[in-house]
K.L.:
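My structure is below; once you've seen it, I'll send some questions.
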Amino acid sequence: MKWSGLKYLVVGAGLWGGVIAERIASVLGEPVVVLERRKHTGGNCHSFVDRRTGIECHAYGTHVFHTGIQRVWEYINRFAHFTSYRHKVLTEYRGRIYQMPISLPTINSFYGLNLRPYEVEDFILREAGGASPAAPCGQPANLEEKAVSLVGRPLYEAFIKGYTQKQWGRDPRDLPAEIINRLPVRANYNTDYFSDPWQGMPESGYAGLFEALLRHPKIQVELGVSWKDVADQVPASCRIFYSGPLDEFFDYALGALEWRGLRFENRLEPYRDVQGTAVLNQADGDVPFTRTHEYKHLHPERGAQGEQSILTREYPRAFSRGDEPYYPVNTPENERLMGLYRERLASGHPNMIAGGRLGGFRYMDMDKTIDFALSVFAGL
Ligand code: UDP
């Protein structure tokens with residue numbers, strides 16, 4: 001690596017770092033080095049083709065691109081052609097399959113009713129014991145209160161309580177209400193998982209997308225290299241875009257940020273189709289995994305993709321230092337600690353900006369991460 005005179009360094013080749021590097025190279029015309037400690041680019045959206053079956057697998061669980069932000073959609077379409085895939089999710093509860101998010105088919109099958117869309121609001125209001133989203137009696141203090149106000153207690157207990165408890169390893173009453181805002185609740189037969197107008201899968205997988213994003217000759221990607229390996233060689237004047245966890249950057253000087261970890265268990269199955277859909281959630285609290293991914297369904301345009309299938313079960317687990325951090329646990333205590341690390345960064349490292357899901361300690365989707373990166377670049 002040539003450090004002398006280097007003006008821009010990006011740490012982490014995920015979406016946030018990748019977009020900033022691409023903008024620096026294409027718009028400013030400046031050389032930029034991208035360090036990535038893993039052996040691949042793409043962060044947690046990374047996908048690869050399994051050699052045995054030819055199936056496009058997602059290394060860190062299903063990532064479907066979806067956005068309502070026009071500038072993000074236009075930007076990302078320069079680097080990939082997106083298919084018209086629209087994500088649907090099913091959930092299993094006590095041996096039966098239901099639509100997720102909670103929508104009219106979920107409500108009707110769960111209660112054995114045939115409610116019409118205009119009857120749902122009053123029905124849920126009765127189930128919620130009077131707390132309605134239209135007329136909330138005070139702000140919900142936590143995830144449970146918010147969820148019960150949206151769908152009533154029986155649906156909450158069936159589809160949200162156990163799943164959330166498993167995913168986060170804590171009682172939903174100890175989690176911020178905002179987490180559940182990610183899930184729409186619908187009084188109709190629209191069973192799309194996301195409400196965003198633009199959705200799809202990169203036709204050539206995320207590896208193809210990142211190959212195009214980082215193709216510019218002024219971008220130099222160094223795989224298997226972490227910040228600590230090079231920190232003492234980077235010129236003091238270099239602008240650094242850091243997308244790793246800030247507590248690790250500061251050697252945990254103020255304490256450790258809390259994350260939720262994941263374990264993925266992959267199986268090759270001797271069937272063309274095992275679960276009939278890309279993602280099947282597991283709502284029962286006593287089943288230790290939260291969902292099963294069957295990746296071939298993410299690319300229906302590729303046909304049956306052979307006589308076998310790959311299934312991946314996702315097990316949430318406690319995070320310990322050295323594990324892969326997945327979900328930031330955005331409780332007030334962790335936010336306070338992150339605020340202290342941000343202050344430390346601003347005062348001691350004026351040339352450095354932290355961002356992305358890890359560097360920002362934010363539970364962000366891919367499109368919000370791109371938007372964040374575009375804003376950072378615009379502010380340079
Ligand atoms: N959730 C749930 N039941 C489900 C799916 C999601 O209770 O079947 C809740 C859970 O609290 C989760 C949140 O909704 O943390 C957001 O889910 P999402 O699918 O957006 O999570 P991600 O795909 O980011 O893991």
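Count residues from 1 along the sequence. Whatever order the structure lists them in is the order used to number ligands and atoms, beginning at 1.
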K.L.:
For His58 together with Tyr206, are the ring centres under 6.0 Å from each other?
P.N.:
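Yes, ring centres under 6.0 Å apart.
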K.L.:
Could you go through ligand 1 and list every pair where one of its N or O atoms sits under 3.5 Å from a protein N or O, giving the atom names and the distance to one decimal?
P.N.:
residue: ligand 1; atom: 3 (N); partner: Phe159; partner atom: O; Å: 3.0
residue: ligand 1; atom: 7 (O); partner: Ile160; partner atom: O; Å: 3.4
residue: ligand 1; atom: 7 (O); partner: Thr164; partner atom: OG1; Å: 3.1
residue: ligand 1; atom: 8 (O); partner: Asn281; partner atom: ND2; Å: 2.8
residue: ligand 1; atom: 11 (O); partner: Thr164; partner atom: OG1; Å: 2.7
residue: ligand 1; atom: 15 (O); partner: Gln167; partner atom: OE1; Å: 3.1
residue: ligand 1; atom: 15 (O); partner: Trp168; partner atom: NE1; Å: 2.9
residue: ligand 1; atom: 19 (O); partner: Tyr193; partner atom: OH; Å: 2.5
residue: ligand 1; atom: 20 (O); partner: Arg182; partner atom: NE; Å: 2.9
residue: ligand 1; atom: 20 (O); partner: Arg182; partner atom: NH2; Å: 3.1
residue: ligand 1; atom: 21 (O); partner: Tyr363; partner atom: OH; Å: 3.0
residue: ligand 1; atom: 23 (O); partner: Arg291; partner atom: NH1; Å: 3.2
residue: ligand 1; atom: 24 (O); partner: Arg182; partner atom: NH2; Å: 2.9
residue: ligand 1; atom: 24 (O); partner: Tyr363; partner atom: OH; Å: 2.7
residue: ligand 1; atom: 25 (O); partner: Arg291; partner atom: NH2; Å: 2.7
residue: ligand 1; atom: 25 (O); partner: Tyr327; partner atom: OH; Å: 2.4

K.L.:
Hey, do the aromatic rings of His40 and Phe48 have their centres closer than 6.0 Å?
P.N.:
no
K.L.:
Does the side chain of Tyr75 come under 3.5 Å of the side chain of Glu22 through a donor N or O and an acceptor N or O?
P.N.:
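Looking only at side-chain atoms, Glu22 and Tyr75 do form a donor-acceptor pair, the distance falling under 3.5 Å.
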K.L.:
Can you see whether Tyr363 has Arg182 sitting over its ring - NZ or CZ less than 6.0 Å from the centre and within 45° of the normal?
P.N.:
yes
K.L.:
Out of the candidates Trp227, Tyr341, Tyr242, Phe249, only one should pair with His349 under the ring-ring contact (aromatic ring centres under 6.0 Å, His included) rule; please name it.
P.N.:
Phe249
K.L.:
For a quick test of your reading: what N or O donor-acceptor pairs under 3.5 Å do the side chains of residues 107-114 make, sequence neighbours left out?
P.N.:
residue: Asn108; atom: OD1; partner: Leu115; partner atom: N; Å: 2.8
residue: Asn108; atom: ND2; partner: Leu115; partner atom: O; Å: 3.3
residue: Asn108; atom: ND2; partner: Tyr189; partner atom: OH; Å: 3.4
residue: Ser109; atom: OG; partner: Pro105; partner atom: O; Å: 2.4
residue: Tyr111; atom: OH; partner: Glu127; partner atom: OE1; Å: 2.7

